[in-house]
Every structure is written in structure tokens, then in C-alpha cells.
Protein chains: 4
Amino acid sequence: MATEQSSKAEERARLQRNRILDAAQQRFIENGFHAASMANIADTAGMSAGLIYRYFENKSAIILAIVQRQLELLRDDIKLHRKVDLAAELVSHYGHACTTKGSGMNSALLLEISAEATRDPQIAAALDEFDRTLRGALAEWLAGPRENDGHGLPPALAQSRALLLQVLVEGLKIRETREPELDRALLETGLREIVPLLMKP
Amino acid sequence: MATEQSSKAEERARLQRNRILDAAQQRFIENGFHAASMANIADTAGMSAGLIYRYFENKSAIILAIVQRQLELLRDDIKLHRKVDLAAELVSHYGHACTTKGSGMNSALLLEISAEATRDPQIAAALDEFDRTLRGALAEWLAGPRENDGHGLPPALAQSRALLLQVLVEGLKIRETREPELDRALLETGLREIVPLLMKP
Amino acid sequence: MATEQSSKAEERARLQRNRILDAAQQRFIENGFHAASMANIADTAGMSAGLIYRYFENKSAIILAIVQRQLELLRDDIKLHRKVDLAAELVSHYGHACTTKGSGMNSALLLEISAEATRDPQIAAALDEFDRTLRGALAEWLAGPRENDGHGLPPALAQSRALLLQVLVEGLKIRETREPELDRALLETGLREIVPLLMKP
Amino acid sequence: MATEQSSKAEERARLQRNRILDAAQQRFIENGFHAASMANIADTAGMSAGLIYRYFENKSAIILAIVQRQLELLRDDIKLHRKVDLAAELVSHYGHACTTKGSGMNSALLLEISAEATRDPQIAAALDEFDRTLRGALAEWLAGPRENDGHGLPPALAQSRALLLQVLVEGLKIRETREPELDRALLETGLREIVPLLMKP
DNA sequence: GATGAATGAGCATTCATTCAT
DNA sequence: AATGAATGAATGCTCATTCAT
């Protein structure tokens, strides 16, 4: 019973944390990390500003938590799309980043996070770890045997191709914030040419 | 004589504006748009905080002016590098972005600007115009006749390739802020493969 | 039975109040009245913050209760130490003020209380009443017949000597907070000279 | 001229600092260090809260400055009263501590400072240095040759007597906060007996 | 033109207190 | 009786902006 009670409390705490993170994310996307105020976030979350501090030590902790949550989303994304037509994926994802939840990171938020990482070492560390994981996974995928949905590239080549893919994906994220209405056909034409080349020896 | 006097005054004003912009840019790169204070900027510029307001209406105006100045620099850059080995250029520029002036925009500043464009329509417009110009120039270069240092691509193809190049360059800028010490050989291997492909029919 | 039940409840309430006061005193000594938070006190007392409000109307009431409890302790102390070598007592007590309970008030707490009395009339009143009692007891002791462990001073003289003793004791309390490692020999030399003089006609 | 200008500015800064310190001292005496808010102090000083931060880094710096100013006052006091009838001095000073300026430290403030020294090491250090200076000066006075207004005590004895005097003075300061209306005659009787004894071999 | 003192609104954060459970 | 989530007011502090000099 003690367990049940405590799990109820824990569940509530988990829900509150997420309520806060959702609100914060919304404000961060719309106003940026620094222009979004705690009062603002609390308002959006429908609670008092003071209450937020029961769940997060300070504003930085919220930012960090959002970064980590977003990175996990991205990481999950990678796992799911292993056997996929990557070019098509990239095109279809373009401009579809949900503001709040769902697969793929909001691109405005990625910009905000990247800019913040320039100054905040904790965020830089989180981002760095993510970068390594992502590139490692890409390289593994490219180097893996075809029977395993891999592409059978020699390891060294897989490394440089993984880097290129990463750069390409990030470049698309930036472009997404700047040209949400970009001509998809144009993009698809390009990606359908180039992506397959990156996966062949 | 009135003209001469006013042109002297104008020249002085121009110099002062640039002095402020240089200082602001330095602070923006190191601290970001919001953490850089006017007092800070004034200090770096070696003038009083109040004086800045004689040359710029407010902080936002400074940000916008910096964006515009940077975009002009970039635009000039494009014209100069037409006949160049692009892959080599990209590699050699990587991580060499000067903190203050020179060719190519400081990547931290680009992030800051891109993030800000998400919220400030004036900055978004400036950035958008620049994006179009850049992509247009790239497309023209790719579609241009070989005698003119062009690459002779069919116009439609040139469009999609220009987009890809733009995405690639922006992706590199982000990567630069995150991995300044990235293995150049790895990067060069990749770019030397892919960039030439983007320039051939 | 109703009486028994209610006395059980009263006993419990008394215990709870003391538990709270012990915790509060500890925090007050370490952090001062204002820096010690209710959450802090509740934590130290091993109970919830809300529960404290069942036993005390507010934080001020706790402070007042602590003052009163301390004064009662001191009052009891006086009765016990009538026949004593006062100089030796003062020296041996110096720096030995227990953090929590026991004879003599913690000197940091005395400071805190005295400072608070400057503003809070209730605390000032409690302290004043105590001061009068203490000085009265001292005067009585000094004026009392030697057969009763008194010192046989004429009443008027006893009054002024009692005042001096009180001043001396309070001065020692302040010094204790400032120089806990004070040279005891130095102190003893001084007190052994002066205290006996204060007890002789 | 530059010197004249800068000295004008410095003079103004000095005046502002004092204006702030006077206001702060008033609030600190009436409300205590922690209950006095910056807004409160600014109000009393007739300026905006923000302006205070041009002259003091933070609230602690104000407290420290007040402590140091008060200690200097006390120190000056000592120098002036070397040849004086100390008992009479102590009596006549009793209860005359001005709220704001003048000779002698406000006793409520001394309590506040002493209590704060318990927690703030910077204040403890300032107070400690003062204590040493004061006791040293007292000992020197007691040990000095009579021709120099000294009392010709042997050095070791002078030390313990100086300690006693210090304790006595501090005790009087506390008493002053608690019994501002204390019977002066009673006090004088006592001091006139005891103080001379402390100055004789 | 140039200064920097001054303001006032805004920010993150804390905490005594309340109240549904 | 007991909890601890929730509130709201207050606090120390920062900073873009103004303006008398």
C-alpha cells in the first residue's frame, strides 16, 4: 500500500514535470530560452510560478530537461527508421515537426538548443553525447551487413558518410525554420539523387 | 560646403555605427543576443551607453543592423569565390570563422541570428532575402556555361543542387559550433566525394 | 475517562510542541530567525510543514515560545546555583553552552532573541520580565543573610551589584559568540579578581 | 580640469554612498538586516532600488559597509576618551546612542551585527579585527605610564583588565537595548565602584 | 556630441501559509 | 492527526532606456 501510495505520488510528480516541460517547450519555441519567463511558463502550464520550483531546481534545469527529452525523441527516431527510404523520410519530415510532441525535434528548438550550447557547458555536453550516439548509429547502419538492413560500406567510408548525413540532416533542420514552405519537389529531387549515393560504396 | 560638412558628419556617424556594431557583434558571439547588455556593448565600444542611442533606436535595431551587415559580407563572399574548389573551401573554412570580420559568418552568430529570426519578422525577412540571393547565385553558377566558370547544369537540376549545397553549408556551420575540433580528414573525405557529384549533370 | 483521554491528547500535543521547538531552536541557532525556514524546521523535526501550524499559529509564535522556554530554563538555573563559586562558574560555562538544551542559554540564540526583542514587543516583554526576575534574584542573593548562602550586602548596594553582575554575564555571552577560543586563563584572572569584589560590602 | 571633474563625480558618489548607508542603517536598526528590504532602503534614501546597485554590489556589501563605518566610529570614540573618567563616560553614554550618526555605535545595530557575524565570515572578520584593536588599545592604556594618561598596570594584568572592560562595555550595550530607561543612579553607583578598581594594580 | 546617473519594469527565486486529501 | 502540493506575495537584483548636464 505504501508502494501504491508512493507510486501515485510519483505518477503525479511525473505528470507535473511533463506539464511544466510541455509549457516551457512551447514558450521556448515561441520566445527563446531567455525571453521566456518563469511566470510565462507557469501561466502556460496553468500553475503558479513557485510550484515549478518543487519540480525543477531552476530555469536551467528545465532547459536541460527539455534538451534531454528532445534528444531522446531524436534518438528514438533513428531506431525506428532503419530500413527506410531515407530520402523520402527526410522530405516527408520536413516542416512536419510538431510544436509540442511527436517524433522528431522541433527545429526552432534545435536552433535554440544549439545556440545555448555555445554558452552552457551542461547543454553542450548533452548535445555532444547525442551527436556521438547519432553519428555512431548512422555509421553502424551504413557499415552493417545488408542482411541486417545495413548497407555494407567499409567502416572508414561509413564514418565519413555518416558525418555527411548528419550535416545534411542538421542543415535541413535550419532550412526548415527559415523556409517552412520550401518547394518539396525541389528538395525531393535533390535528396533522391544525393542520399542513395551516400549509401553506396 | 554644407554638403562637405554634412558628409564629414555622415562619415563620422558611419564610423561610430560600425564601432558599435563591432562591439555588439563581439558581445553577441560571446554571450548571445540577450545576455549581452547595452552597458557591456558600450564598454566594449569604448563609449557611454547613452551614446549608442544616438545611433540606434534600441537594442533590436543593433541586432538587425548586425544581421544586415553580416549578410552583405556573405553576399560579397559569394562573388569572389566563383572559380574555386568548393570542397577544399568548405574544409579549409571549417573552424576558421574569424570572430569579428572577414569572409564567412561566425557560426555562433549565425545560430543566434537564425534563432532570433524565428521570432523577429524583420530579421526573418532580411535572412530570407539573403537566402534567396545566395541560392540564386549558386544556381546561376551551376547552370552557367563552363566558359564562365560555370558548371553547365540544366536549370531545373541547378535549382535542386543549389538547395542541397545551401543545406550542406548550413549544416556545416552548425557542426562547426558543436565540434570545432572535428577530424578534418574525415570531413574532407566526405566532401571530396559528394561536392563534385553535386556539380555534375 | 474523558479527562484521561484529553490528558493523553494534551500530553501528545505537549510532546509535539517540544519536538517542534527543539527543531526550531537548532535551526535558529545555526541560521538565525529569518534564515530558518518553516520547511527547514519541519524537516529537522521530522514532520510536515503543515503540521506545525496545528501547534503554532505562525513562525512568530514559535520564536516567542522558544524565548519563553529558554527563559524558564534560565530561571530554573538561577535557583540551582546559589551557593556556587560564581567566577569559576562563569569561566567554566564560557564556550560550553550546549547547542540544544541544558543550563545557560546558547549565546548565539541570546543574541538572536535580543535583536528580535528590539522589534517584537511580545518578545521584548518576555525578555524584560525575565531580566527583572533575574536581577531580583541576584539582588536577593547578594542581600541575603550569610546563613542562607547570601552575602549580607545592604539592599541598595545589592541592587547596583546585581545590575553589574547582570551586565557582566551578558557581556560574557556576547564575547562567547565572538571569541569562542578566548584564553580562559586570562578570563579567569580577571573574573577571580572582580567577582569577589562585587560580593563584598 | 579632469581632476576637478572627476573629484566632483567622486564627491557625488561619496555622498550617495553615505545617503544609502544612512538609510540602510535606519532600516536595519528598525527592522533588522534581513527584514529590511532593498526597496525599503531605497525608499528611505529617496532613490530607486536599482540605483543602489551602482554604489554597492549587493545587500551584503551594504551591511559590511555599515559594520565598518560603525566600527570606525567606535574606534574614534576610544581615541578621544583616553584621559577621561571612564565610569562617568559609560553612564553618560548609556541610552544616548543616536539612531543615525554621532559618536558611539547604536546598540541595536551592534546586536544585529553580532548576530550576523555568527553566520557571515566577512562580518565576523571585521568584528574580530575591531575587537582586537579595541582590547589592544585598552590594554595599552592600562599598561601605559601615568605621565601619558596611562594607569601603569603590569602588562599581564592590563590584559585581563582590558578583557573585563570590554566585556563590561558590551554588556552595557545589550542592557541599553533592553532597558533604555534604566535607573542611571543605580548604574553609576555600580560603575563608580568597579571601574576604578579595574584600573588599579 | 557625449556622459553616466537615474529610473522602472521585469526577472528568477523563496517562503510562510493554506487546504484538499 | 498528518501530509505535502499549491499559492501568492515579496525579495534581491538586472537592464534597456532616458535625460540633465
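A, B, ... follow the sequence lines: proteins, then strands. Residue 1 opens every chain.
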| field | Sequence neighbours excluded, every pair satisfying salt bridge (Lys or Arg N to Asp or Glu O under 4.0 Å) that has a member inside residues 35-54 of chain A | value | none
| remark: Side-chain contact check for Arg12(D): nearest option of dT3(F), dA6(F), dA5(E) is dA5(E)
| query | Rounding to a whole Å, what distance do you find between Leu15(C):CG and dA2(F):P? | reply | 11 Å
| Charged N-O contact under 4.0 Å between Glu11(D) and Arg14(D) | yes
| field | Nearest-Å distance for atom pair CD1/P, residues Ile52(A) and dC15(E) | value | 17 Å
| message | Distance check needed: dG4(E) P versus Glu10(D) CD, whole Å only. | response | 13 Å
| remark: Those stems involving DNA chain E that have three or more consecutive Watson-Crick or G-U pairs, both distances under 3.5 Å, are E:2-21 with F:2-21
| Residues that Gln68(A) engages under side-chain hydrogen bond (donor to acceptor under 3.5 Å, both in side chains), provided they are two or more places apart | none
| Would you say dA6(E) has OP1 or OP2 under 4.0 Å from some side-chain N or O of Gln16(D)? | yes
| Whole Å only: how far is the CZ atom of Arg54(A) from the P atom of dG4(F)? | 9 Å
| request: State which residues pass side-chain contact (heavy atoms from CB on, under 4.5 Å) with Tyr55(C); sequence neighbours excluded, sorted by chain then number. | output: Ala13(C), Gln16(C), Arg17(C), Ile20(C), Leu51(C)
| note | For residues 110-124 of chain D, the side-chain hydrogen bond (donor to acceptor under 3.5 Å, both in side chains) pairs (sequence neighbours left out) are Glu112(C)-Arg119(D), Arg119(C)-Glu112(D), Arg178(C)-Ser114(D), Glu116(D)-Arg119(D)
| Is there a side-chain polar atom (N or O) of Tyr55(D) under 4.0 Å from OP1 or OP2 of dA5(E)? | no
| remark: Residue set satisfying side-chain contact (heavy atoms from CB on, under 4.5 Å) with Ala42(D), at least two apart, ordered chain then number -> Ala49(D), Ile52(D)
| How would you list, by chain and number, every residue that makes a side-chain hydrogen bond (donor to acceptor under 3.5 Å, both in side chains) with Arg12(A), sequence neighbours excluded? | none
| said: Could you tell me how far apart Asp43(D) (CG) and dA10(F) (C1') are, to the nearest whole angstrom? | reply: 15 Å
| remark: Hits for side-chain contact (heavy atoms from CB on, under 4.5 Å) against Ala117(D), two or more places apart or cross-chain, chain-then-number order -> Ile123(D), Ala124(D), Leu127(D)
| Along nucleotides 12-21 of chain F, 5' to 3', which nucleotides get a B, which get an S, and which get a -, given that the test is a protein heavy-atom distance under 4.0 Å? | SBB-SBB---
